[in-house]
Peer 1: 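Below is one structure. I have some questions about it.
Here is the naming used below: chain letters follow the sequence lines, and residue numbers restart at 1 for every chain. Any value given below was found using the heavy atoms of this structure, including those in side chains, with hydrogens, waters and symmetry copies removed. This structure is a prediction, so every number in the text was calculated from the model and none was measured.
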Amino acid sequence: MNETPDEIIDDTLTGSGLVAEKAKRLAKVDEIRTSGQEPYPYRFDRSHTLAEVRAEHGTIEAGTETDVHVSVAGRMMLKRDGGKLIFANLRDRSDQIQLFISKAVVGEDAFVAIADLDLGDWIGVEGVVMATRTGELSIKVRSMVLLAKAMRPIPDKWKGLTDTDTRFRQRYADLIVNEEARRAFQIRHTMISSFRKTLTDHGYIEVETPVLHMEAGGAHARPFITHHNTLDLDLYLRIALELHLKRLIVGGMERVFEIGRIFRNEGMSTRHNPEFTMMESYQAFADVSDIIALTEELITNAARDALGTTVVDLGGEMVDLSQPWRQVRMIDLVAEATGVEVHPSQPVEQLRELAAKYDVKCAPRWGSGKIIEELFEATSEHLLIHPTFVTGHPVEISPLARVDRTDPFLTERFELFMVGREFANGYSELNDPVEQRLRFENEQAAKDAGDDEATGVDEDYIRALEYGMPPTGGLGVGMDRVAMMLAGVSSIKEVILFPTLRPEVL
RNA sequence: GCGCCUCUAGCUCAAUGGUAGAGCAGUGGACUUUUAAUCCAUUGGUUCUGGGUUCGAGACCCAGGGGGCGCACCA
């Protein structure tokens, strides 16, 4: 190396790779500091969001200028330099508006500073609202301050980012350039806030229960295991919200819900992320029929709030959610699909034979109820495009649900399906502590037999039930899937800001 | 975990086994009503990594890595 450091710097400053680009922008920051300006000021007072500017003045006549002064802030997304006149596009969260920068108005120094901005820089401007000759609403800039210098170039100004790896790893960059990504997360936000409103309107109160569990109960799933040092105790990240929320019903809170992250140590796919968001709600004195009605209301309201319509695209078919949703028993769907009547009271051998016809492989310990569910999944689930409440799940696969008041082999339970996917699950809650203990013991037996998704006996939960839980209806909704449905996307990663990915090799 | 596809400039994409290119971004210049501004000039490469075949590899082969899709898993 016989180059002097100066020569090296000169070299990077004349190149245009990423390293050179960053070096140029760092040099600009130095220049700004040298000139007595602050490249990263602490705050900026804005008078309007861009959407407010548009709402208040969007209709002014082409070629006119108001005397309305505004201060706005955002990221500079485009710049069209015209010698003594610069047009730039400024974007904030709410909207995008054109900036009209005239050398004669801002003066020589400010004009040079603006011309020297890079796409992606955060700026605040003060000026008057106007419309150009072509009618484009603009802000005639009188002064500009840099709010934060961008060191890296933003991705392609009109094709955005397409590489899914980069989009999910660098979500910040995705959000800067991809309008659809911003839209999906706006829909997700509106949906969640709609759920909160519907529930609180019904007298529910929002609670928070532990993420760290002694026993990973409330669902069948492999848990993540972690360790608490002080207690020297292995703990599980929750796989469901259910058991703690029902303890609160025992405590007399009557109507509770939680929207929370749960964790399942299982495969990842377009529909599965290891951590995802569940909404669970429990209502004293209610049964499954009340919960079915609530579920319809929650999802229909969410569509109306997030999309402005109850008509949604379900796998290419436009469906009005405000129409009544179908209810059908799981055993009836299986009978419909196979032409054979099925019931969990049947001998397991009969169902095994039927399962074999449909290529459903049965584990030796499965009973009739579990096989019926597998048959349902193999033959019927994927056909349920329109919203459908599948009801009457066998007792064997529903350890926390109450037995159907007319059929001791079934439970008062439903799962909601749309586009062939499960969205929600609810039931009349089992509140008899003696029966609950028996159900847990069956689970324990399955666990002992090697089922690593089965749960053990939750003694504290039994103790809670022994204090008395009123009749209760409960619900669980996979919020990510509702968001996917409303946003019209086919991958769960499109509605999770930072989906789980393998570590990046830098 | 298995199968198929994919990875080239900051971004979006090209390139019969034969000198790695374009558009945007960047840099220099012209322009006071642009809209992905336009026009002229121009810089920029570990072709994911490591091996191999070949006179010659971005391309073909092997191994590894990231991602996508499908299957499995997910009551």
Peer 1: Any donor-acceptor pair, under 3.5 Å, between the side chain of A/D156 and the base of B/G23, if you only look at N and O atoms?
Peer 2: yes
Peer 1: With a 4.0 Å limit, can you tell me whether A/T270 has a side-chain N or O closer than that to the phosphate oxygens OP1/OP2 of B/G70?
Peer 2: yes
Peer 1: Return the minimal non-hydrogen interatomic distance between A/F111 and A/G83, and the atom names on each side.
Peer 2: CE2-O, 3.2 Å
Peer 1: Looking across every strand, which nucleic acid part, if any, lies under 4.0 Å from A/L78 by heavy atom: base, sugar-phosphate, or nothing?
Peer 2: sugar-phosphate
Peer 1: At what distance, to the nearest 0.5 angstrom, does CG of A/D121 lie from CZ of A/R75?
Peer 2: 8.5 Å
Peer 1: Heavy atoms only: give me the nearest A/Q346-A/S368 pair and the separation to one decimal.
Peer 2: O-OG, 2.7 Å
Peer 1: Sticking with atom C1', work out how far B/U38 lies from B/C31, rounded to a whole angstrom.
Peer 2: 9 Å
Peer 1: Please classify the nucleic acid contact of A/I397 as base, sugar-phosphate, or nothing, using heavy-atom distances under 4.0 Å.
Peer 2: base
Peer 1: What's the gap between B/U27 and B/U49 when it is taken at their C1' atoms, as a whole Å value?
Peer 2: 33 Å
Peer 1: Looking at B/A37, which nucleotide sits across from it as a Watson-Crick or G-U wobble partner, both distances under 3.5 angstrom, or is there none?
Peer 2: none
Peer 1: B/G17 pairs with which nucleotide, Watson-Crick or G-U wobble, both distances below 3.5 Å?
Peer 2: none
Peer 1: Would you say a side-chain N or O of A/R502 is under 4.0 Å from OP1 or OP2 of B/G66?
Peer 2: yes
Peer 1: So what's B/A9 paired with, Watson-Crick or G-U wobble, going by both distances under 3.5 Å?
Peer 2: none
Peer 1: Tell me: CZ of A/R271 to C1' of B/C74, nearest whole Å?
Peer 2: 10 Å
Peer 1: Ring centres under 6.0 Å, that's the criterion: do A/F414 and A/Y427 meet it?
Peer 2: no
Peer 1: Between B/A22 and B/A41, how far apart are the P atoms? Round to whole Å, please.
Peer 2: 13 Å
Peer 1: In whole angstrom, give the distance that lies between atom CZ of A/R169 and atom P of B/G10.
Peer 2: 18 Å
Peer 1: With respect to the phosphate group of B/U34, does any side-chain polar atom (N or O) of A/R80 fall under 4.0 Å of OP1 or OP2?
Peer 2: no
Peer 1: Between P on B/U33 and CZ on A/R133, what's the gap in Å once rounded to a whole number?
Peer 2: 6 Å
Peer 1: In the structure shown, which nucleotide is the Watson-Crick or G-U wobble counterpart of B/G26, with both distances under 3.5 Å?
Peer 2: B/U42
Peer 1: Would you measure the distance from the C1' atom in B/G1 across to the matching atom in B/C55 and give it in whole Å?
Peer 2: 43 Å
Peer 1: Using a 4.0 Å heavy-atom cut-off, does A/T162 contact any base of the nucleic acid, only the sugar-phosphate backbone, or nothing at all?
Peer 2: sugar-phosphate
Peer 1: Select base, sugar-phosphate, or nothing to describe what A/A173 touches, counting heavy atoms under 4.0 Å on all strands.
Peer 2: nothing
Peer 1: What nucleotide, of B/U32, B/U27, B/U33, holds the atom closest to the side chain of A/A104?
Peer 2: B/U32
Peer 1: Can you tell me if A/K28 touches the phosphate of B/U27, counting only side-chain N or O atoms and a distance under 4.0 Å to OP1 or OP2?
Peer 2: yes
Peer 1: For the side chain of A/E21, starting at C-beta, report the closest nucleotide among B/G26, B/G68, B/C11.
Peer 2: B/G26
Peer 1: Within less than 4.0 Å of OP1 or OP2 of B/G68, is there a side-chain N or O belonging to A/K493?
Peer 2: yes
Peer 1: By the 4.0 Å heavy-atom rule, please label A/R167 as base, sugar-phosphate, or nothing.
Peer 2: nothing
Peer 1: Across all strands shown, which nucleotide pairs with B/G64 by Watson-Crick or G-U wobble geometry, both distances under 3.5 Å?
Peer 2: B/C48
Peer 1: Does a side-chain N or O of A/K157 approach OP1 or OP2 of B/A37 to a distance below 4.0 Å, or not?
Peer 2: yes
Peer 1: How is A/E136 classified with respect to the nucleic acid when contacts are heavy atoms under 4.0 Å: base, sugar-phosphate, or nothing?
Peer 2: base
Peer 1: Return the value, rounded to whole Å, for the distance between atom CD of A/Q170 and atom P of B/G66.
Peer 2: 17 Å
Peer 1: Can you measure A/D81 atom CG to B/U32 atom P for me and round it to whole angstrom units?
Peer 2: 10 Å
Peer 1: Apply the test side-chain contact (heavy atoms from CB on, under 4.5 Å) to residues A/L333 and A/L384: give CA-CA distance (whole Å), side-chain angles for both, the deciding distance (0.1 Å), then the verdict.
Peer 2: CA-CA 10 Å; A/L333 280 171; A/L384 303 176; 4.3 Å; yes
Peer 1: With both distances under 3.5 Å as the test, what is the Watson-Crick or G-U wobble partner of B/C2?
Peer 2: B/G70
Peer 1: Please state the C1' separation for the pair B/G56 and B/C60 - nearest whole angstrom.
Peer 2: 13 Å
Peer 1: In whole Å, what separates the C1' atom of B/G10 from that of B/G17?
Peer 2: 30 Å
Peer 1: For residues A/M151 and A/V29, report the shortest heavy-atom separation together with the two atoms involved.
Peer 2: CE-CG2, 3.5 Å
Peer 1: What are the two closest non-hydrogen atoms of A/V129 and A/L137, and how far apart are they?
Peer 2: CG1-CD1, 3.7 Å
Peer 1: Expressed in whole Å, how much space separates the C1' atoms belonging to B/G45 and B/U33?
Peer 2: 40 Å
Peer 1: For A/N178 and B/U12, what is the distance between atoms CG and P respectively, to the nearest whole Å?
Peer 2: 9 Å
Peer 1: From the options B/G68, B/A25, B/U33, select the nucleotide whose nearest atom is closest to the side chain of A/P153.
Peer 2: B/A25
Peer 1: Which part of the nucleic acid, if any, lies within contact of A/K84, taking any heavy atom under 4.0 Å across all strands shown: a base, the sugar-phosphate backbone alone, or nothing?
Peer 2: base
Peer 1: How many whole angstroms separate atom CG of A/L18 from atom P of B/G26?
Peer 2: 14 Å
Peer 1: Does B/G56 have a Watson-Crick or wobble mate here (both distances under 3.5 Å), and if so which one?
Peer 2: none
Peer 1: Side chain of A/L119 only, please: which of B/G67, B/U32, B/A25 is the nearest?
Peer 2: B/A25
Peer 1: Counting only side-chain heavy atoms from C-beta out, which of B/G26, B/U12, B/U33 sits nearest to A/L85?
Peer 2: B/U33
Peer 1: Return yes if the base of B/U34 and the side-chain atoms of A/Q98 contain a donor-acceptor N/O pair under 3.5 Å, otherwise no.
Peer 2: yes
Peer 1: I need the CD1-P distance between A/I492 and B/G68, as an integer number of Å.
Peer 2: 13 Å
Peer 1: Testing A/Q436, A/K246, A/R413 one by one against A/E429 for a side-chain hydrogen bond (donor to acceptor under 3.5 Å, both in side chains), which residue passes?
Peer 2: A/K246
Peer 1: Describe the nucleic acid contact of A/G160 in one word from base, sugar-phosphate, nothing, applying a heavy-atom distance below 4.0 Å.
Peer 2: sugar-phosphate
Peer 1: One thing to verify: whether A/E215 and A/K447 come together as a salt bridge, which I'm taking to mean a side-chain N less than 4.0 angstrom from a carboxylate O.
Peer 2: yes
Peer 1: Work out how far the C1' atom of B/G58 is from that of B/U53, and round it to whole angstrom.
Peer 2: 16 Å
